[in-house]
Each structure stands twice: as C-alpha cells, then as structure tokens.
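These figures come from a predicted structure and were not determined experimentally. Letters A, B, ... mirror the listed sequences (proteins, then strands); counts begin at 1.
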2 protein chains.
Amino acid sequence: MASSQFSTKQRILEAAETLFARHGFAGASLRQVTSAANVNLAAVNYHFGSKDKLIEEVFRRRLDELNKRRLLALDQLGEAPTLEDALAAFIRPALELAREGDGGGAFVRVLARAYAEHNDQLRKFLSENYGHVLKQFAKIFATLLPHLPREELYWRIDIVAGALTYAMADFGIIQRREGVTEQQHREQAAEHLIRFAAAGLRAE
Amino acid sequence: MASSQFSTKQRILEAAETLFARHGFAGASLRQVTSAANVNLAAVNYHFGSKDKLIEEVFRRRLDELNKRRLLALDQLGEAPTLEDALAAFIRPALELAREGDGGGAFVRVLARAYAEHNDQLRKFLSENYGHVLKQFAKIFATLLPHLPREELYWRIDIVAGALTYAMADFGIIQRREGVTEQQHREQAAEHLIRFAAAGLRAE
DNA sequence: CTATGCTTCAAACGATCGTTTGATACGAGA
DNA sequence: TCTCGTATCAAACGATCGTTTGAAGCATAG
C-alpha cells in the first residue's frame with residue numbers, strides 16, 4: 001500500500017497543480033491530469049473522491065506549508081524588528097515556495113487563480129487556513145505602526161496581499177530579461193515589493 | 001436588421017460578462033450565457049463566430065472604454081499635477097467603470113481573471129490595447145519622480161497595477177460592512193489605494 | 001497456498017460541452 | 001406582391017466532461 005499509493009497520489013497532485021495553474025480549475029480536465037501523471041483516469045476519484053476534493057487537496061498541501069513558514073519567520077523576528085523585516089516574513093516564504101523545484105512556482109499561480117475564482121466555498125476555506133496567520137501579522141504591523149487607525153491598517157494589509165499575489169504569480173507586464181532566471185526575477189520582485197509596501201504602510 | 005441585432009448582441013455580451021466574471025471563461029457555458037440573455041443558443045456562433053471571439057469582444061468593448069477614459073483623465077491633468085492626481089487618473093476610471101449599472105462591476109472581475117489566466121494570446125491582446133496607455137502614464141510618473149531610475153519605476157508601476165486589479169475586483173479579505181454599498185466600498189478602496197500607491201512610488 | 005484488502009485498469013455511464021444545420025419568420029427594396 | 005438577405009429557432013452533431021463499474025493485479029497475513 002505504502003509506496004505505490006504515495007507515488008500515485010503525489011504524481012496526481014503535482015500534475016494537477018501544474019495544469020490548474022496553466023488552464024484553470026475548470027479548464028484542466030481529469031484526463032489531462034491523469035495523463036500527465038501517467039496514472040489511470042479512475043485514480044483521481046479513487047484517491048481523492050472527486051475533482052473538487054483534488055482541488056482542495058492541491059491547496060491544502062502548499063498552503064499549510066506556506067503558513068507554517070510564515071509563522072516561523074514571524075517567530076524568528078527579533079525584539080524590535082523593522083517594518084521591512086516584518087514584511088519580509090510575510091513575503092519571502094511565498095517567494096521561497098515559488099522557487100522550489102517541485103512545482104511551487106505553479107502553486108502561486110494556482111493561489112492567484114483561487115482569488116480570481118471568487119468562489120465562496122474556496123474563500124471560506126482560504127480564510128479558515130489563512131485568517132489566523134493574517135491576524136498575527138496584523139498584530140505586529142499594528143505595533144510597528146501605532147499611529148495608524150486599525151481600519152486603515154486592514155485596508156493597507158489587504159493592498160499588500162493583493163500586490164503580493166499579483167507579483168508572485170508573475171502576472172505583470174514586466175517581462176523577465178534574457179539571462180535572468182525565474183528565481184532572480186522573483187527575488188527582484190520581492191525586493192521591490194517590500195520596499196514599496198513598507199513605504200505604503202507608512203504613508204501619511 | 002438594426003434594432004433586433006443590436007439587442008441580441010448586446011444582451012449576449014452583458015450576460016457573458018456577468019457569467020464569465022462569476023464562473024470563469026471555461027466555467028461559464030454558452031448555454032448558460034444564452035439562457036441568461038434570453039436568446040437562442042445558436043445566436044452566439046451566428047453573431048460572434050465562436051466562444052473565443054465572444055470572450056475577445058467582451059474584452060474589447062470595456063477595455064476600449066477604460067483606455068479612453070484614462071487617457072482623457074490624463075489629458076485633463078493641469079500643468080503641474082501631484083502624484084496623487086496622476087494616480088487618480090489611472091485608478092478612478094477603473095472605479096467609475098466598476099460602478100456603472102450595466103455590468104461594469106462584473107467586467108473588472110473579468111479583467112482580473114484575464115490576468116490570472118496567463119493566456120499568451122490574451123496577454124498579447126491586452127498589451128496591444130493596454131501598452132500605449134501604460135506608457136503614457138509611465139511618462140508622467142517619470143517626470144513626477146525624476147530621481148527614480150527607469151527600471152525601478154517600471155517595477156513600481158507594475159505593483160500598482162497589480163494592487164489595483166486585485167482591489168477593484170474586490171478579491172480581498174476585507175468584507176463590505178452592512179449598509180455600505182458596493183460603490184462606497186470601491187470608493188474607499190480607491191482612496192486607500194491612491195494614498196498607499198503614492199507613498200510606495202515615492203519610497204526611499 | 002489460499003485468502004484478504006488495497007490499488008490499478010479498461011470500459012462505459014449519462015450529462016454537458018461548442019458548434020452546425022436546415023427550416024422558419026420577418027422586414028425592406030424592386 | 002414577390003423577393004431576398006438577415007435573424008431566430010429547434011434539433012442534432014461529435015467530442016469531451018466527471019464519475020462509476022466490475023474485473024484484474026498484487027502484496028501481505030494466516
């Protein structure tokens with residue numbers, strides 16, 4: 001049971017992640033997924049129950065990891081971190097996830113798609129797994145920006161999250177130059193984003 | 001020919017816009033669209049040729065309008081506009097489009113979806129219709145921020161565009177309060193976004 | 001060896017997809 | 001009034017969708 005189940009499930013998850021990123025949840029069929037994963041068509045329903053459950057699982061796997069790393073980075077901030085440090089704790093784990101070889105880069109696009117889907121069920125799932133992390137960051141941003149009204153802060157965090165989503169998914173107009181790897185490109189995006197966001201949060 | 005063709009085409013376009021915004025391009029079927037528009041199924045292929053052409057037309061209609069308004073707002077800036085004014089010329093037309101009764105609100109979500117789709121054909125179409133407008137704005141931002149290196153400026157404009165896309169499509173975590181209309185919510189989002197973006201552009 | 005419990009497989013299910021067809025309705029111009 | 005081009009219609013096309021089925025494979029425990 002162990003090795004073959006593991007391998008099949010994992011290969012489905014990775015193929016699904018790539019194809020969902022490329023064609024969307026409705027646009028990528030289970031036949032494409034199972035064919036790319038070199039497994040039988042019925043394996044998806046056997047291992048995951050349905051296409052929707054597969055989508056959820058693609059999410060859960062990476063999102064748990066992302067949240068874990070963000071909270072870890074948050075913990076590792078010193079006593080008196082700068083705003084840039086706190087932002088980096090929020091932004092860099094997404095960057096790291098995106099540059100790992102096993103398809104994390106595809107996942108950040110899947111994540112951006114999920115926002116675009118505006119699906120209530122998916123939103124609920126995201127806020128359940130995402131909400132407490134965001135609250136943690138809101139707390140440290142609040143202590144770093146004591147003069148900022150709470151509601152104003154929430155708006156600005158929301159803007160940062162949006163810009164991050166967009167930037168990490170590489171949706172922008174800026175094209176990678178020749179000779180710049182995707183990693184380097186994302187690294188640059190993160191640097192610019194942190195600087196920009198820090199100034200935006202400090203505004204007024 | 002005149003009135004009935006106009007009515008059918010228009011009703012298809014509007015129903016398509018709403019349903020594409022809600023379910024995505026692949027997720028919304030022509031049967032859903034024609035049913036919502038109260039027209040015959042075959043009308044889409046008759047008037048537009050194919051589903052893909054319909055998608056393109058949904059885009060072109062609004063994007064032409066958005067670009068026109070942005071360029072107009074840009075023209076109407078005085079001799080020495082502030083950075084906030086220039087940003088408003090970029091951001092407010094999207095807001096206005098979003099709050100018109102005839103489905104503009106749906107379109108900004110369609111637009112955000114298009115970014116998420118990452119479809120090369122669609123990207124090319126967008127950059128063709130979008131590129132020169134963005135260049136115009138880049139120029140005025142450059143004169144308003146003369147100390148900023150050109151590449152740095154492009155990065156920051158990209159971030160602004162991302163945050164705008166995200167905010168206008170109402171993807172964020174911030175939920176509308178009871179008694180706040182969608183218009184007011186978007187208005188608030190625009191205000192926060194302009195303030196945030198101005199500070200971000202001025203960073204360092 | 002046999003039996004058991006996962007896992008994989010080819011095949012088919014009904015539903016729905018985008019598209020096409022040919023008939024029909026209808027208004028404007030000769 | 002007849003005609004012709006446009007528009008709409010019900011119906012069907014083949015393809016593909018997500019899902020289900022039942023048999024076959026296969027390792028491990030008795």
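- Between F90(A) and F137(A), the angle of the ring planes goes over 60°, which puts this pair in the perpendicular group of the 30/60° scheme.
- Between I12(B) atom CD1 and dC9(D) atom P the separation is 10 Å, expressed in whole Å.
- Whole-Å rounding puts the K51(B) NZ to dT16(D) C1' distance at 13 Å.
- By the side-chain contact (heavy atoms from CB on, under 4.5 Å) test, T143(A) is found to be paired with I140(A), residues two or more places apart in sequence or in another chain being considered.
- Rounding to whole angstrom units, CG of residue L54(A) and C1' of dT19(D) are separated by 14 Å.
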Below 3.5 Å, can you tabulate the donor-acceptor pairs from side chains in residues 192-202 of chain B to any protein atom, sequence neighbours excluded?
| residue | atom | partner | partner atom | Å |
| --- | --- | --- | --- | --- |
| H192(B) | ND1 | Q188(B) | O | 2.9 |
| H192(B) | NE2 | E152(A) | OE1 | 3.3 |
| R195(B) | NH2 | E152(A) | OE1 | 3.3 |
| R195(B) | NH2 | E152(A) | OE2 | 3.1 |
| R202(B) | NH1 | E84(B) | OE2 | 3.2 |
| R202(B) | NH2 | E84(B) | OE1 | 3.0 |

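- Residue S29(B) places at least one side-chain N or O under 4.0 Å from the OP1 or OP2 atom of dC17(C).
- Atom P of nucleotide dG18(D) and atom NE2 of H23(A) are separated by 13 Å, given to the nearest angstrom.
- Shown here are the side-chain contact (heavy atoms from CB on, under 4.5 Å) partners of A26(A), two or more places apart in sequence or in another chain: A26(B).
- Following rounding to the nearest Å, D52(A) (CG) and dG18(D) (C1') show an atom-to-atom distance of 10 Å.
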Verdict with supporting geometry, T18(A) and R22(A), side chain to side chain donor-acceptor pair (under 3.5 Å): CA-CA 6 Å; T18(A) 301; R22(A) 187 145 30 194; 5.5 Å; no
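- Put simply, H47(A) has a side-chain N or O that comes within less than 4.0 Å of OP1 or OP2 on dT8(C).
- Proximity of T8(A) to the phosphate of dT7(C): no side-chain N or O atom is located under 4.0 Å from OP1 or OP2.
- Ring planes of F59(B) and F107(B): perpendicular class, angle over 60° (limits at 30 and 60°).
- With sequence neighbours left out, R92(B) forms a salt bridge (Lys or Arg N to Asp or Glu O under 4.0 Å) with E187(B).
- Nearest-nucleotide mapping onto DNA chain D: of Y46(A) and Q32(A), the residue sitting toward the 5' end is Q32(A).
- The CG atom of N38(A) sits 16 Å away from the C1' atom of dA10(C) (whole-angstrom rounding).
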Distances for protein N/O vs nucleotides 12-15 of chain D N/O pairs under 3.5 angstrom?
none

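- A distance-only check finds a donor-acceptor pair linking the side chain of R156(B) to the backbone of A203(B) [under 3.5 Å].
- Looking only at distances, no side-chain donor or acceptor of K51(A) sits under 3.5 Å from a matching main-chain atom of S29(A).
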Sequence-aligned protein contact record of nucleotides 21-26 of chain D, with B where the base is within under 4.0 Å of a protein heavy atom and S where only the sugar-phosphate is: B-----
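- Rounded to whole Å, atom P of dT20(C) lies 6 Å from atom CG of N45(B).
- Comparing dT19(D), dG18(C), dC9(C) by their nearest atom to the side chain of N40(A) picks out dC9(C).
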